[in-house]
Colleague: 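I am attaching a structure below and will ask some questions about it afterwards.
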Amino acid sequence: MSNIPPLDLSRQYQLIGKEVEAAVGSILASGRYIGGSMVENFEREFANYIGVSHCVSCNSGTDALYLALRSLNIGAGDEVITTPFTFIATSETIAMVGATPVFVDIDPATFNIDVSQIAKAISSSTKAIIPVHLFGQPTDMTAIMEIAKQYNLFVIEDCAQATGAKWGEARVGSIGHIGCFSFFPTKNLGACGDGGAVTTGDEAIAAKIRMLKEHGSKARYYHEENGVNSRLDALQAAILQIKLQHLDTWNAQRHTAAEIYHQLLAPVSAITIPPATNGGTHVWNQYTIKLKAANNSEKDYREQIRQTLQAKGVSSMIYYPLPLHQQSVYKHLGYQPNSLPHSELVAHQVLSLPMFPEISQMEQEQVVYSLKDSL
Ligand SMILES: *Cc1c(COP(=O)(O)O)cnc(C)c1O
């Protein structure tokens, strides 16, 4: 029995290593490390891939969200609706621009925001909705865009975990007003360090984001606004350009691995497997099951299972143990226990199993065998 990590980037590197080393070597030799044609080419290719006219690269997915909110002039006194079951960056950036996150509970089946509960959270201060395509599963963008149109709101898609996913025939990041991507190494398209991008079909928004990410300047040393320094460097752009060519293949391999998990786990009555589709194409950044017996009062149950799995060489992860509305940073927002019950329960039930394009069927069998043994 071997050890099975949550993901293994070294296997991917074996495939593309030679090409990456040649590209990195040529950039190192060129002496041009910031900006330049590598970054411009990647932006163009990524915009093409997503199906939008503009891509602006930046330093991280967090910066992408921050720049998106700033470009729409969202700030103090404004409210932005999002999900409480996501990585902190989604709401952190809302607070960073001075606005207030308003959390709407999730659909416990898909882990994504429950679109049927959004309308009642809208107030006269609401400016935008940030749906998060969690674990690689697209949110119902048809419903989101209808609500946005009805109430005149902006939609910023948090696509950090869903690069390549589609809703209908459109890739996520091309449906809302702005799409935000992360190239953190664990994402479906990952750099060898930090990176991010914003996608949009709106030329004015793209120009504003480009200005904001370059210290609020269009012409160097002439500043129109307080901006930031947020760059994707040439080395990361070169690596991402190589990896982008493999993304669809890697996403298809994740899909195959998910189907194998589905088949092996469907008969296991103590767990709920994630739904395969909800009208979109899931790209399986995570394969996240729910432990049915876990509940709000039995916190140790899942931890015991995790430890037993670990002893058998199987690493599992918990995304996420505490929903955002219950984080101490948001105490002042005044959410009471049980105010968003689905996200609160699911946070005790979730367990993400090893998932990466190169995982073998034998490894998946070991994961499932070990899990059954641990339950
Ligand atoms: C990873 C992630 C981010 C932030 O991306 P970074 O590149 O790490 O800043 C934002 N939202 C979600 C849902 C993420 O998973």
Side-chain angles (χ1 to χ4, degrees), residues 6-7 9 42 46 55-70 80-97 101 103-104 106 110-113 128-139 141 144 155-165 172-173 176 178-199 209 213 228-233 236-237 239-240 243 251 254 274 280 282-288 317-325 327 329-330 343 346-347 350 352 355-356:
L7 87 166
L9 293 169
F42 173 70
F46 194 69
C55 164
V56 183
S57 61
C58 60
N59 178 258
S60 67
T62 305
D63 277 9
L65 288 161
Y66 171 79
L67 290 163
L69 287 158
R70 282 283 310 271
V80 178
I81 290 173
T82 193
T83 163
F85 198 60
T86 173
F87 181 57
I88 185 76
T90 315
S91 58
E92 187 180 39
T93 46
I94 297 170
M96 273 164 69
V97 300
F103 297 110
V104 167
I106 58 166
T110 64
F111 305 111
N112 284 330
I113 194 166
I129 307 170
I130 307 185
V132 179
H133 308 299
L134 200 74
F135 303 147
Q137 165 114 293
T139 302
M141 287 307 293
I144 296 272
V155 175
I156 300 171
E157 295 179 70
D158 183 339
C159 308
Q161 299 184 8
T163 310
V172 299
I178 305 182
C180 295
F181 292 84
S182 166
F183 305 127
F184 187 76
T186 64
K187 314 290 172 151
N188 289 38
L189 178 64
C192 299
D194 276 309
V198 176
T199 54
I209 289 172
K213 71 162 234 175
V228 291
N229 166 17
S230 189
R231 293 189 275 250
L232 181 72
D233 60 56
Q236 300 302 344
I239 293 166
L240 287 167
K243 287 189 157 196
N251 281 344
R254 288 176 183 273
H282 197 321
V283 290
W284 302 104
N285 182 248
Q286 297 296 334
Y287 189 91
T288 303
M317 305 292 280
I318 295 169
Y319 304 115
Y320 296 91
L322 188 65
L324 297 185
H325 68 286
Q327 298 284 347
V329 62
Y330 296 129
S343 59
V346 156
V350 285
S352 298
M355 170 54 89
F356 46 97

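Whatever order the structure lists them in is the order used to number ligands and atoms, beginning at 1. Below, each value reflects all heavy atoms present in this structure, side chains not excepted, and no hydrogens, waters or symmetry copies. This chain uses plain numbering: 1 for the first residue, then up along the sequence.
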Colleague: For the pair Thr82 (side chain) and Ile130 (backbone), establish whether a donor and an acceptor sit closer than 3.5 Å, ignoring hydrogens and angles.
Modeller: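 Checking the backbone N and O of Ile130 against the side chain of Thr82, a donor-acceptor pair under 3.5 Å is found.
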Colleague: List ligand 1 atoms under 4.0 Å from Gly61, heavy atoms only on the residue side.
Modeller: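 Contacts of ligand 1 toward Gly61, numbered from 1: 5 (O), 6 (P), 7 (O), 9 (O).
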Colleague: Please identify which atoms of ligand 1 are closer than 4.0 Å to at least one heavy atom of Ser60.
Modeller: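 Once the distances to Ser60 are compared, the set is 7 (O), 9 (O).
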Colleague: Among all the protein's non-hydrogen atoms, which is closest to atom 9 (O) of ligand 1, and how far away is it?
Modeller: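 Sorting protein heavy atoms by distance from atom 9 (O) of ligand 1 puts Thr62 OG1, 2.5 Å first.
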Colleague: Taking the six-membered ring for Trp and the single ring otherwise, decide whether the centroids of Phe183 and Phe42 are under 6.0 Å apart.
Modeller: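 Between Phe183 and Phe42, the centre distance is under 6.0 Å.
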Colleague: Identify, for atom 11 (N) of ligand 1, the protein heavy atom at the shortest distance, and state residue, atom and that distance.
Modeller: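 Sorting protein heavy atoms by distance from atom 11 (N) of ligand 1 puts Asp158 OD2, 2.8 Å first.
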Colleague: I'd like to know if the side chain of Asn188 and the backbone of Val283 have a donor-acceptor N/O pair within less than 3.5 Å.
Modeller: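 At least one qualifying donor-acceptor pair exists.
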Colleague: Do me a favour and list the nearest non-hydrogen protein atom to atom 14 (C) of ligand 1 with residue, atom name and distance?
Modeller: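 Answer, as residue, atom name and distance: Lys187 NZ, 3.0 Å.
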Colleague: Looking at Gln327 and Leu322, would you say the former's side chain and the latter's main chain have a donor-acceptor pair under 3.5 Å?
Modeller: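 Answer holds: yes.
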Colleague: Does Ser182, backbone or side chain, put an N or O under 3.5 Å from an N or O of ligand 1?
Modeller: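 Yes, there is a polar N/O contact under 3.5 Å.
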Colleague: Counting only heavy atoms, which portion of Ala160 has something under 4.0 Å from ligand 1: side chain, backbone, both, or neither?
Modeller: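 Looking at Ala160 and ligand 1, just side chain atoms fall under 4.0 Å.
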Colleague: Is Lys243 reaching over with its side chain to a backbone N or O of Gly190, donor-acceptor style, under 3.5 angstrom?
Modeller: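 Answer holds: yes.
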Colleague: Is it true that a side-chain atom of Ser60 and a backbone atom of Asp63 form a donor plus acceptor pair closer than 3.5 Å?
Modeller: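 Here the side-chain-to-backbone pair exists.
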Colleague: Hey, do the aromatic rings of Phe111 and Tyr319 have their centres closer than 6.0 Å?
Modeller: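 Ring centroids of Phe111 and Tyr319 are no less than 6.0 Å from each other.
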Colleague: In ligand 1, which numbered atoms sit nearer than 4.0 Å to a non-hydrogen atom of Val132?
Modeller: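 So the answer, numbered in order with elements, is 13 (C).
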Colleague: Under 4.0 Å from a heavy atom of Thr86: which atoms of ligand 1 are those, numbered in the order shown and with their elements?
Modeller: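 Result: 13 (C).
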